[in-house]
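Because only heavy atoms are used, hydrogens play no part in the values below, and waters and symmetry mates are left out as well, while side chains stay in. Count residues from 1 along the sequence.
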Amino acid sequence: MNKQQLTRNQFARQPAHVVLVDFSPPFGNDTSCQVQQALQDILALAANITGPPRVPFFGLFAIGTYPEALLPLQAVRGNLSKIHSALQELRSFQREGLVGGKTAGCLGQGLQDAMAQFKRQQHLYKQLELMVVTCRPSNIVNKEVERACSVLDMDVLKKVQVVCMSQPEDLGASDLYLMEDSPTNTAASGGEGGLNCGMVDVVHLDNDGVSLHQFLKGWLGDSGTDREHLHISLPGMAGIGALTLKCDLNERILDPTHLLQPLNFALAPDTKGPTSATQSRTTGSAAPVYKLTAVKLVNTANICESVVYGMPLVISATSCWKLDWEELESNQTNFHALCHLLQEKGLAILATRDPSPGQNQQKPPRPSPRAHFLLLPSQSTSLLIKSVAVGELLLPCDFITPSEAPAQEAVDTVESFIAQLEVEDMFNPLLVKSGLYSCLTPQVRQAPAATSGQQGKRRFQYSTTSQVPPSSMSTGARHAPQQMRGAQTNQASTNQNGAPYKRPETNQRGRFCPPKAKKSRVFDQDDMFPDFTPDF
């Protein structure tokens, strides 16, 4: 298979989102504030995530006595100020008296206006996803949406969602007369409305901000289905190839390192920053002394592994030599007692990281999020600390419990492939090798083998900056050194005093040859330290 076919484009199929807020009764002021706050938070989060845009375009409509476009469909990144202004206008929409009277047909007209707006700028968008937020009963709103979808272009419409912020049984008198005054209320259950039931998803949410926040975070997931994300290969048997399972990957939390603003959601210091050579060789990189404040105790049996992330670190009692001996011993004793109690009761500590003293020196001070950590006990005198997800970073994930057991034929097939794997009673990471060392070791290219004479010559070769080529020298100049060596040979071997003549220690054997070693001299204490006077 070609390598190009084994790649996929992340977040390439993200649709444009248009939200239509239905202010028909019993939609109240509290619900309006919750919708406004949830949209503001999720869109701010989407605009500050690096990489491809997860919510590329957004539009907002208010459905009252008539549909009003508070925010035309436009890009989310770079337009947070416009989005904030439109959401503030949404909150004041009900207070200004724009809601009241009969609103029959306004929702369908708003859906058509949103589609027409999308059509005018279709060259910028791929698909459109419409969402209606209402407090009316779902069966009434669903019929209105289905009638409107019968005249919409379904080729570019990915999905229509009806989000009901009230229970299905909450049906007031105001909703009854709206349904009676609708001119096409009798055709909702059949005809063209029934053909579009597959395009409309009805979702019931609790009338609170937490449920709406989690639902809107579904926009941040990858909507592309053009390619599978992961292949799991099980070893084959004799005559049968390997069994490959094709899967998709879903994010459980947002990686805080992918946010545009540097946030402190980890304890490990950033060692990738620019440091000078002197600092890296002597003092190393400076790391703050963290301060954690315990806020709660959590039962370790009820901690889900999917919400714990990051680099695991081990906490032990300090051995700092600058502390007093009594303080050091008392600290170790108290830490040992803490580990023992947590292990005995099966509890973990939920702690928050306090901001550094010099972190918010800006004027006005910039708000800083509080990272949360879990301190897990162990049988030894140490704790395991890991980052734990917070509400802003947690993404929705469907843990579907199947109602029926898998087919017996599939169970037998998969069991036969799993039987080819070896079972380990305990996982020992020291016995699992990844080949990291061989990847980090530089690959030294071996030069061709040379003779011992050539290696000896190359060892003492040197180059000078002012080397004159032999061809540029005259014949007399080339023979001058030979004549000087002959004159030195014929010279008398005694000097003027009659003592034997010694040749000076010139570097005749090579430039880098050391001179002959001289006889060592034994120094007295007075020679080495003339002013030294011992105290003993």
Side-chain angles (χ1 to χ4, degrees), residues 15-28 31-32 34-35 59-69 90 93-94 98-119 127-207 211-212 215-216 218:
H17 294 272
V18 175
V19 177
L20 298 94
V21 182
D22 184 13
F23 281 89
S24 301
F27 196 93
T31 307
S32 176
Q34 292 174 6
V35 172
L60 182 63
F61 279 77
I63 307 299
T65 55
Y66 59 90
E68 181 178 354
L90 177 68
F93 189 80
Q94 191 173 19
L98 300 178
V99 179
K102 300 179 180 180
T103 60
C106 292
L107 180 58
Q109 184 62 38
L111 293 173
Q112 295 179 12
D113 293 347
M115 178 60 71
Q117 189 180 104
F118 176 82
K119 282 288 189 179
Q127 283 183 316
L128 176 64
E129 185 173 312
L130 301 175
M131 188 176 75
V132 179
V133 182
T134 182
C135 286
R136 292 191 292 161
S138 59
N139 56 346
I140 300 176
V141 181
N142 187 24
K143 293 176 181 179
E144 293 185 17
V145 173
E146 287 180 354
R147 287 194 299 268
C149 289
S150 62
V151 296
L152 298 180
D153 187 3
M154 309 305 295
D155 295 335
V156 297
L157 189 61
K158 180 180 179 181
K159 187 190 300 181
V160 179
Q161 291 179 325
V162 177
V163 180
C164 297
M165 301 294 293
S166 59
Q167 299 300 326
E169 62 270 15
D170 295 341
L171 184 60
S174 58
D175 298 309
L176 292 177
Y177 86 80
L178 287 176
M179 195 62 188
E180 292 174 357
D181 292 342
S182 179
T184 57
N185 56 353
T186 59
S189 59
E192 295 176 347
L195 297 177
N196 298 312
C197 292
M199 293 297 299
V200 181
D201 295 338
V202 179
V203 181
H204 294 277
L205 298 178
D206 294 335
N207 200 349
S211 301
L212 188 57
F215 179 76
L216 293 178

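Between atom CG of residue Leu130 and atom NZ of residue Lys159 there is a gap of 11.5 Å, rounded to the nearest 0.5 Å. Rounded to the nearest 0.5 Å, atoms CZ (Arg147) and CG (Leu152) are 13.0 Å apart. Considering CG of Asp201 and CD of Glu129, their distance stands at 8.5 Å, rounded to 0.5 Å. Atom CG of Asn207 and atom CE of Met165 lie 4.5 Å apart (nearest 0.5 Å). Atoms CG and SG, on Asp206 and Cys164 in that order, are 12.5 Å from each other to the nearest 0.5 Å. Here Thr31 contributes atom OG1 and Leu212 contributes atom CG; the two are 10.0 Å apart, rounded to the nearest 0.5 Å.
By the 4.5 Å heavy-atom criterion applied to side chains, Gln117 and Gln112 are not counted as neighbours. Proximity of Val156 to Gln127: side-chain heavy atoms (C-beta onward) are nowhere separated by under 4.5 Å. The side-chain heavy atoms of Met131 and Val163, taken from C-beta on, include a pair separated by under 4.5 Å. For the pair Phe23 and Ser32, the minimum side-chain heavy-atom distance is below 4.5 Å. A 4.5 Å side-chain heavy-atom check between Met115 and Leu157 finds at least one atom pair inside the cut-off. Between Val133 and Leu20 the shortest side-chain heavy-atom distance does not fall below 4.5 Å.
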>> Leu128 vs Val18, test: side chain to side chain contact (heavy atoms under 4.5 Å, CB included). Steps then yes/no.
In response: CA-CA 8 Å; Leu128 176 64; Val18 175; 3.6 Å; yes
>> Pair Cys106, Thr65 - check side chain to side chain contact (heavy atoms under 4.5 Å, CB included), show working.
In response: CA-CA 7 Å; Cys106 292; Thr65 55; 5.7 Å; no
>> Between Phe61 and Val19, does the side chain to side chain contact (heavy atoms under 4.5 Å, CB included) criterion hold? Intermediate values first, please.
In response: CA-CA 6 Å; Phe61 279 77; Val19 177; over 6 Å; no
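Checking Gln109 against Asp113 by side-chain atom types alone, a donor-acceptor pair falls below 3.5 Å.
Under the side-chain contact (heavy atoms from CB on, under 4.5 Å) rule, Phe27 has a single partner from Val21, Thr134, Ile63, which is Val21.
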